[in-house]
Asker: 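This structure is in C-alpha coordinates; I'll ask about it shortly.
Here, residue 1 is the first one in the sequence, and each next residue gets the next number. All figures in this text were calculated on a predicted structure; none of them were measured in a lab.
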Amino acid sequence: TNVPLKTAIYFLVLIPFLLPGILATISWIFLLSPTIGLLNQICVAVFGLTEPPFNIYSFFGMAWAFGVDHITLPFLLMASAFRSMDPTLEEAASISGTGPLRGFFHINLKMMFPSIFAAGLLLFIRGIETFEAPAVIGLPAGIRVFSTEIFLALRKAPTNYNLAGTYAVAYLAITLIGVFLYLRVTRGTDRFAMITGKAYRPRLIDLRGWRYAIAALALSILAVAVILPLAIVVWTSVMPFYTTPSLGMLGLATFDNYLALFELEELGRVLRHLLLIGRGGLVVAVRHGRLVVGLGDGARHERIVRDGGHA
(Lines give C-alpha, C1' and ligand atoms only; values in the text may rest on other atoms or scores of the structure.)
Protein backbone atom coordinates (compact mmCIF):
# COMPACT_ATOMS: atom_id res chain seq x y z
CA THR A 1 0.00 0.00 0.00
CA ASN A 2 0.98 3.67 -0.07
CA VAL A 3 0.91 3.98 3.72
CA PRO A 4 3.49 6.57 4.91
CA LEU A 5 6.45 5.83 7.19
CA LYS A 6 6.82 2.27 5.87
CA THR A 7 10.55 2.29 6.61
CA ALA A 8 9.93 3.15 10.26
CA ILE A 9 7.27 0.44 10.53
CA TYR A 10 9.58 -2.20 9.01
CA PHE A 11 12.40 -1.16 11.36
CA LEU A 12 10.22 -1.34 14.47
CA VAL A 13 8.85 -4.75 13.53
CA LEU A 14 12.40 -6.14 13.30
CA ILE A 15 13.41 -4.95 16.80
CA PRO A 16 11.81 -7.90 18.71
CA PHE A 17 13.90 -10.24 16.57
CA LEU A 18 17.06 -8.48 17.81
CA LEU A 19 16.05 -8.32 21.48
CA PRO A 20 16.73 -11.50 23.52
CA GLY A 21 13.54 -13.25 24.57
CA ILE A 22 14.45 -13.35 28.25
CA LEU A 23 15.06 -9.59 28.22
CA ALA A 24 11.76 -8.89 26.47
CA THR A 25 9.91 -11.01 29.03
CA ILE A 26 11.53 -9.17 31.93
CA SER A 27 10.60 -5.84 30.35
CA TRP A 28 6.91 -6.81 30.43
CA ILE A 29 7.24 -7.58 34.13
CA PHE A 30 8.45 -4.00 34.61
CA LEU A 31 5.41 -2.80 32.67
CA LEU A 32 2.57 -5.09 33.82
CA SER A 33 3.58 -6.37 37.24
CA PRO A 34 0.79 -5.81 39.82
CA THR A 35 3.31 -4.22 42.21
CA ILE A 36 5.92 -2.38 40.14
CA GLY A 37 4.36 -2.31 36.65
CA LEU A 38 4.57 1.12 35.05
CA LEU A 39 1.35 0.73 33.03
CA ASN A 40 -0.53 -0.46 36.10
CA GLN A 41 0.66 2.53 38.12
CA ILE A 42 -0.38 4.90 35.34
CA CYS A 43 -3.85 3.33 35.08
CA VAL A 44 -4.36 3.45 38.85
CA ALA A 45 -3.27 7.11 39.01
CA VAL A 46 -5.22 8.32 35.97
CA PHE A 47 -8.48 6.38 36.40
CA GLY A 48 -8.52 6.21 40.21
CA LEU A 49 -8.62 2.42 40.32
CA THR A 50 -8.39 0.59 43.62
CA GLU A 51 -6.24 -2.20 42.20
CA PRO A 52 -4.04 -2.63 39.11
CA PRO A 53 -5.96 -3.75 36.01
CA PHE A 54 -3.20 -5.97 34.57
CA ASN A 55 -1.45 -8.99 36.00
CA ILE A 56 1.50 -10.29 34.02
CA TYR A 57 1.64 -13.39 36.25
CA SER A 58 -1.18 -15.19 34.44
CA PHE A 59 -1.90 -17.24 31.33
CA PHE A 60 -2.81 -14.07 29.48
CA GLY A 61 0.41 -12.42 30.62
CA MET A 62 2.49 -15.34 29.35
CA ALA A 63 0.67 -15.34 26.01
CA TRP A 64 1.04 -11.57 25.67
CA ALA A 65 4.77 -11.57 26.44
CA PHE A 66 5.34 -14.38 23.95
CA GLY A 67 3.09 -12.96 21.25
CA VAL A 68 4.51 -9.44 21.08
CA ASP A 69 8.04 -10.86 21.16
CA HIS A 70 7.32 -12.95 18.04
CA ILE A 71 5.62 -10.48 15.71
CA THR A 72 8.67 -10.45 13.43
CA LEU A 73 8.29 -14.03 12.13
CA PRO A 74 4.71 -13.79 10.78
CA PHE A 75 5.42 -10.29 9.48
CA LEU A 76 8.38 -11.45 7.39
CA LEU A 77 6.56 -14.54 6.10
CA MET A 78 3.38 -12.66 5.24
CA ALA A 79 5.07 -9.57 3.80
CA SER A 80 7.21 -11.68 1.49
CA ALA A 81 4.17 -13.63 0.29
CA PHE A 82 2.14 -10.47 -0.32
CA ARG A 83 4.98 -8.81 -2.25
CA SER A 84 5.37 -11.85 -4.53
CA MET A 85 1.63 -12.14 -5.27
CA ASP A 86 0.62 -11.72 -8.89
CA PRO A 87 -1.91 -8.83 -9.16
CA THR A 88 -3.57 -10.35 -12.26
CA LEU A 89 -6.45 -11.86 -10.28
CA GLU A 90 -6.98 -8.62 -8.37
CA GLU A 91 -7.14 -6.68 -11.63
CA ALA A 92 -9.58 -9.19 -13.12
CA ALA A 93 -11.78 -8.97 -10.02
CA SER A 94 -11.71 -5.18 -10.16
CA ILE A 95 -12.71 -5.18 -13.84
CA SER A 96 -15.62 -7.53 -13.07
CA GLY A 97 -16.92 -5.10 -10.45
CA THR A 98 -15.58 -6.70 -7.25
CA GLY A 99 -14.74 -4.16 -4.56
CA PRO A 100 -11.30 -3.99 -2.89
CA LEU A 101 -12.53 -5.40 0.43
CA ARG A 102 -14.38 -8.33 -1.13
CA GLY A 103 -11.45 -9.00 -3.44
CA PHE A 104 -9.09 -9.07 -0.48
CA PHE A 105 -11.13 -11.73 1.35
CA HIS A 106 -12.03 -13.83 -1.70
CA ILE A 107 -8.71 -13.64 -3.60
CA ASN A 108 -5.78 -12.44 -1.51
CA LEU A 109 -6.57 -14.40 1.63
CA LYS A 110 -7.26 -17.59 -0.31
CA MET A 111 -4.00 -17.26 -2.24
CA MET A 112 -2.20 -16.50 1.03
CA PHE A 113 -3.68 -19.42 2.93
CA PRO A 114 -0.54 -21.65 2.83
CA SER A 115 1.63 -18.82 4.13
CA ILE A 116 -0.89 -17.90 6.82
CA PHE A 117 -1.21 -21.51 7.94
CA ALA A 118 2.58 -22.02 7.91
CA ALA A 119 3.14 -18.88 10.01
CA GLY A 120 0.44 -19.94 12.46
CA LEU A 121 1.89 -23.44 12.74
CA LEU A 122 5.41 -22.15 13.36
CA LEU A 123 4.16 -19.78 16.04
CA PHE A 124 2.13 -22.55 17.67
CA ILE A 125 5.13 -24.88 17.81
CA ARG A 126 7.37 -22.06 19.03
CA GLY A 127 4.76 -21.17 21.64
CA ILE A 128 4.49 -24.63 23.18
CA GLU A 129 8.27 -25.03 23.31
CA THR A 130 9.16 -21.54 24.53
CA PHE A 131 10.95 -21.31 27.86
CA GLU A 132 11.48 -17.62 28.64
CA ALA A 133 7.91 -16.57 29.45
CA PRO A 134 6.98 -19.80 31.33
CA ALA A 135 10.18 -19.63 33.40
CA VAL A 136 10.14 -15.92 34.26
CA ILE A 137 6.36 -15.42 34.47
CA GLY A 138 4.81 -18.87 34.84
CA LEU A 139 6.92 -20.37 37.62
CA PRO A 140 6.38 -17.48 40.09
CA ALA A 141 2.65 -17.70 39.33
CA GLY A 142 2.56 -21.47 39.80
CA ILE A 143 1.81 -22.06 36.11
CA ARG A 144 3.82 -24.97 34.76
CA VAL A 145 4.18 -26.13 31.17
CA PHE A 146 6.26 -28.83 29.48
CA SER A 147 9.35 -26.64 29.03
CA THR A 148 9.49 -25.69 32.71
CA GLU A 149 8.79 -29.28 33.75
CA ILE A 150 11.79 -30.43 31.70
CA PHE A 151 13.91 -27.73 33.33
CA LEU A 152 12.79 -28.71 36.83
CA ALA A 153 13.28 -32.43 36.11
CA LEU A 154 16.88 -31.76 35.09
CA ARG A 155 17.54 -29.66 38.19
CA LYS A 156 16.38 -32.25 40.70
CA ALA A 157 18.85 -34.46 42.52
CA PRO A 158 19.12 -37.10 41.25
CA THR A 159 18.50 -35.76 37.76
CA ASN A 160 15.39 -37.32 36.24
CA TYR A 161 16.42 -37.80 32.62
CA ASN A 162 13.59 -40.28 32.03
CA LEU A 163 10.90 -37.73 32.88
CA ALA A 164 12.62 -35.05 30.79
CA GLY A 165 12.75 -37.47 27.86
CA THR A 166 9.05 -38.25 28.24
CA TYR A 167 8.15 -34.58 28.05
CA ALA A 168 10.41 -34.22 25.00
CA VAL A 169 8.62 -37.07 23.22
CA ALA A 170 5.28 -35.42 23.99
CA TYR A 171 6.64 -32.25 22.39
CA LEU A 172 7.64 -34.25 19.32
CA ALA A 173 4.19 -35.88 19.05
CA ILE A 174 2.43 -32.50 19.12
CA THR A 175 4.84 -31.10 16.54
CA LEU A 176 4.32 -34.07 14.20
CA ILE A 177 0.55 -33.64 14.44
CA GLY A 178 0.95 -29.99 13.42
CA VAL A 179 3.18 -30.89 10.47
CA PHE A 180 0.70 -33.58 9.38
CA LEU A 181 -2.16 -31.08 9.45
CA TYR A 182 -0.13 -28.60 7.40
CA LEU A 183 0.73 -31.20 4.76
CA ARG A 184 -2.88 -32.36 4.59
CA VAL A 185 -4.34 -28.86 4.31
CA THR A 186 -1.84 -27.73 1.67
CA ARG A 187 -1.56 -30.98 -0.28
CA GLY A 188 -3.39 -29.41 -3.21
CA THR A 189 -0.74 -26.75 -3.71
CA ASP A 190 -1.77 -26.29 -7.34
CA ARG A 191 -4.90 -24.53 -6.04
CA PHE A 192 -2.69 -21.77 -4.69
CA ALA A 193 -0.43 -21.38 -7.76
CA MET A 194 -0.67 -18.71 -10.43
CA ILE A 195 0.84 -19.38 -13.86
CA THR A 196 1.56 -16.38 -16.07
CA GLY A 197 3.48 -15.85 -19.28
CA LYS A 198 5.28 -12.65 -18.32
CA ALA A 199 6.93 -10.97 -15.39
CA TYR A 200 4.79 -8.84 -13.11
CA ARG A 201 5.16 -6.15 -10.50
CA PRO A 202 2.95 -6.08 -7.37
CA ARG A 203 0.28 -3.43 -7.63
CA LEU A 204 0.44 -0.57 -5.13
CA ILE A 205 -2.92 -0.13 -3.43
CA ASP A 206 -3.98 3.47 -2.88
CA LEU A 207 -5.49 3.83 0.60
CA ARG A 208 -6.42 7.46 -0.07
CA GLY A 209 -7.40 9.28 3.10
CA TRP A 210 -7.15 6.12 5.19
CA ARG A 211 -3.38 5.80 4.75
CA TYR A 212 -2.57 8.23 7.57
CA ALA A 213 -5.04 6.57 9.93
CA ILE A 214 -3.59 3.12 9.13
CA ALA A 215 -0.05 4.42 9.63
CA ALA A 216 -1.06 5.89 12.99
CA LEU A 217 -2.71 2.60 14.00
CA ALA A 218 0.37 0.56 13.02
CA LEU A 219 2.73 2.90 14.86
CA SER A 220 0.47 2.89 17.94
CA ILE A 221 0.51 -0.91 18.06
CA LEU A 222 4.29 -0.98 17.62
CA ALA A 223 4.72 1.72 20.26
CA VAL A 224 3.03 -0.50 22.83
CA ALA A 225 4.49 -3.80 21.64
CA VAL A 226 8.05 -2.69 20.79
CA ILE A 227 9.01 0.81 21.95
CA LEU A 228 7.66 0.53 25.52
CA PRO A 229 9.54 -2.72 26.38
CA LEU A 230 12.73 -1.38 24.79
CA ALA A 231 12.42 1.95 26.61
CA ILE A 232 11.89 0.32 30.03
CA VAL A 233 14.94 -1.89 29.47
CA VAL A 234 17.09 1.13 28.58
CA TRP A 235 15.73 3.04 31.60
CA THR A 236 16.51 0.17 33.97
CA SER A 237 20.03 -0.20 32.57
CA VAL A 238 20.99 3.37 33.50
CA MET A 239 19.49 3.33 37.01
CA PRO A 240 21.48 2.33 40.11
CA PHE A 241 18.34 0.49 41.28
CA TYR A 242 14.95 -0.09 39.71
CA THR A 243 12.52 2.76 40.07
CA THR A 244 9.44 3.86 38.19
CA PRO A 245 10.39 6.11 35.24
CA SER A 246 9.83 9.79 35.99
CA LEU A 247 11.47 13.14 35.32
CA GLY A 248 12.37 13.44 38.99
CA MET A 249 14.39 10.22 38.91
CA LEU A 250 16.20 11.15 35.70
CA GLY A 251 18.94 12.79 37.76
CA LEU A 252 19.96 9.35 39.06
CA ALA A 253 20.82 8.12 35.57
CA THR A 254 24.35 6.76 35.37
CA PHE A 255 26.53 4.69 33.08
CA ASP A 256 28.16 2.86 36.00
CA ASN A 257 26.33 -0.34 35.06
CA TYR A 258 27.90 -0.29 31.61
CA LEU A 259 31.33 0.50 33.04
CA ALA A 260 30.96 -2.41 35.47
CA LEU A 261 30.18 -4.65 32.51
CA PHE A 262 33.54 -3.91 30.90
CA GLU A 263 35.29 -4.56 34.19
CA LEU A 264 34.05 -8.16 34.40
CA GLU A 265 36.87 -10.68 34.14
CA GLU A 266 34.65 -13.14 32.28
CA LEU A 267 33.50 -10.63 29.64
CA GLY A 268 36.08 -11.60 27.02
CA ARG A 269 35.44 -15.31 27.37
CA VAL A 270 31.68 -14.83 27.35
CA LEU A 271 31.81 -12.79 24.14
CA ARG A 272 34.13 -15.31 22.53
CA HIS A 273 31.81 -18.18 23.40
CA LEU A 274 28.83 -16.20 22.13
CA LEU A 275 30.48 -15.53 18.77
CA LEU A 276 31.62 -19.14 18.43
CA ILE A 277 28.11 -20.44 19.12
CA GLY A 278 26.57 -17.99 16.67
CA ARG A 279 29.10 -18.79 13.96
CA GLY A 280 28.84 -22.53 14.55
CA GLY A 281 25.06 -22.47 14.47
CA LEU A 282 25.10 -20.42 11.26
CA VAL A 283 27.48 -22.84 9.50
CA VAL A 284 25.59 -25.95 10.60
CA ALA A 285 22.17 -24.51 9.69
CA VAL A 286 23.22 -23.24 6.25
CA ARG A 287 25.13 -26.37 5.27
CA HIS A 288 22.45 -28.80 6.40
CA GLY A 289 19.71 -26.64 4.92
CA ARG A 290 21.53 -26.53 1.58
CA LEU A 291 21.99 -30.29 1.70
CA VAL A 292 18.30 -30.92 2.38
CA VAL A 293 17.23 -28.51 -0.37
CA GLY A 294 19.67 -30.12 -2.81
CA LEU A 295 18.39 -33.59 -2.05
CA GLY A 296 14.80 -32.44 -2.36
CA ASP A 297 15.39 -30.71 -5.70
CA GLY A 298 17.31 -33.74 -6.94
CA ALA A 299 14.47 -36.10 -6.03
CA ARG A 300 11.94 -33.78 -7.66
CA HIS A 301 14.03 -33.51 -10.84
CA GLU A 302 14.37 -37.30 -11.00
CA ARG A 303 10.59 -37.67 -10.62
CA ILE A 304 9.96 -35.15 -13.41
CA VAL A 305 12.35 -36.98 -15.76
CA ARG A 306 10.75 -40.32 -14.89
CA ASP A 307 7.27 -38.95 -15.57
CA GLY A 308 8.30 -37.74 -19.01
CA GLY A 309 9.01 -34.10 -18.20
CA HIS A 310 5.72 -33.32 -16.47
CA ALA A 311 5.81 -32.05 -12.84
Side-chain angles (χ1 to χ4, degrees), residues 1-34 37-47 49 52-83 85 100-101 104-105 108-109 112-113 115-124 126-127 130 132-133 136-137 202 204-236 244-245:
T1 64
N2 61 342
V3 65
L5 301 176
K6 284 194 289 188
T7 302
I9 293 174
Y10 270 72
F11 174 75
L12 290 175
V13 169
L14 293 176
I15 289 180
F17 183 75
L18 306 176
L19 194 65
I22 187 70
L23 197 59
T25 304
I26 294 174
S27 69
W28 283 108
I29 293 178
F30 291 145
L31 291 171
L32 298 179
S33 169
L38 174 63
L39 296 182
N40 278 325
Q41 294 182 11
I42 292 176
C43 290
V44 170
V46 172
F47 300 106
L49 303 178
F54 307 112
N55 182 14
I56 191 64
Y57 298 105
S58 61
F59 279 109
F60 174 78
M62 291 171 55
W64 173 264
F66 169 81
V68 296
D69 188 42
H70 288 78
I71 61 175
T72 305
L73 177 62
F75 175 83
L76 293 178
L77 291 176
M78 303 288 289
S80 176
F82 269 112
R83 283 195 298 266
M85 182 177 295
L101 189 61
F104 174 78
F105 284 102
N108 296 83
L109 284 186
M112 288 286 298
F113 179 75
S115 298
I116 295 173
F117 192 84
L121 178 62
L122 287 176
L123 286 177
F124 173 75
R126 183 68 184 90
T130 187
E132 293 89 349
V136 178
I137 298 175
L204 190 67
I205 300 176
D206 184 13
L207 298 177
R208 300 180 182 180
W210 287 96
R211 64 195 191 104
Y212 295 104
I214 293 176
L217 177 62
L219 291 175
S220 300
I221 295 174
L222 292 172
V224 175
V226 177
I227 297 178
L228 268 180
L230 183 61
I232 198 69
V233 168
V234 174
W235 170 269
T236 306
T244 303

Asker: Are Val136 and Ile29 side-chain neighbours, meaning at least one heavy-atom pair lies under 4.5 Å?
Answerer: yes
Asker: So do Leu222 and Ile15 actually touch side chain to side chain, heavy atoms under 4.5 Å?
Answerer: no
Asker: Can you name the closest pair of heavy atoms from Leu14 and Thr72 and give their distance?
Answerer: CD2-CG2, 3.8 Å
Asker: Working to the nearest 0.5 Å, report the span between CD of Gln41 and CG of Leu49.
Answerer: 12.5 Å
Asker: Under a 3.5 Å distance rule, please check whether Thr130 uses its side chain to pair with a backbone N or O of Gly127 as donor and acceptor.
Answerer: no
Asker: If I compare all heavy atoms of Cys43 with all of Phe54, which pair ends up nearest, and what's the gap?
Answerer: SG-CE1, 3.9 Å
Asker: Could you state the interatomic distance from CH2 (Trp235) to CG (Leu228), rounded to the nearest 0.5 Å?
Answerer: 14.0 Å
Asker: Check whether any side-chain heavy atom of Pro16 lies under 4.5 Å from a side-chain heavy atom of His70, and answer yes or no.
Answerer: no
Asker: Quick one: are Phe17 and Ile71 in side-chain contact, heavy atoms under 4.5 Å?
Answerer: no
Asker: For residues Phe66 and Glu132, determine if any side-chain heavy atom of one lies less than 4.5 Å from a side-chain heavy atom of the other.
Answerer: no
Asker: Of the non-hydrogen atoms in Ala216 and Ser220, which two are nearest, and what is the gap between them?
Answerer: O-OG, 2.7 Å
Asker: Quick check for you: to the nearest 0.5 Å, what is the distance between Leu12 atom CG and Leu230 atom CG?
Answerer: 9.5 Å
Asker: Looking at side-chain heavy atoms only, is the closest gap between Thr25 and Asp69 below 4.5 Å?
Answerer: no
Asker: Please confirm whether the backbone N or O of Leu32 pairs with a side-chain atom of Asn40, one donor and one acceptor, at under 3.5 Å?
Answerer: yes
Asker: Roughly how far, to the nearest 0.5 Å, is the CD1 atom of Ile214 from the CD1 atom of Ile9?
Answerer: 9.5 Å
Asker: What is the minimum heavy-atom distance between Trp28 and Val68, and which atoms define it?
Answerer: NE1-CG2, 3.2 Å
Asker: I'd like to check the side chain to side chain donor-acceptor pair (under 3.5 Å) partners of Tyr10; sequence neighbours left out, ordered by chain and number.
Answerer: Arg83
Asker: Please round to the nearest 0.5 Å and tell me the distance separating atom CZ of Phe30 and atom OG1 of Thr236.
Answerer: 4.5 Å
Asker: So, taking the atom named CD1 in Ile56 and the one named CD1 in Ile137, what distance separates them when rounded to the nearest 0.5 Å?
Answerer: 4.0 Å
Asker: Is there a donor-acceptor pair under 3.5 Å between the side chain of Ser27 and the backbone N or O of Val233?
Answerer: no
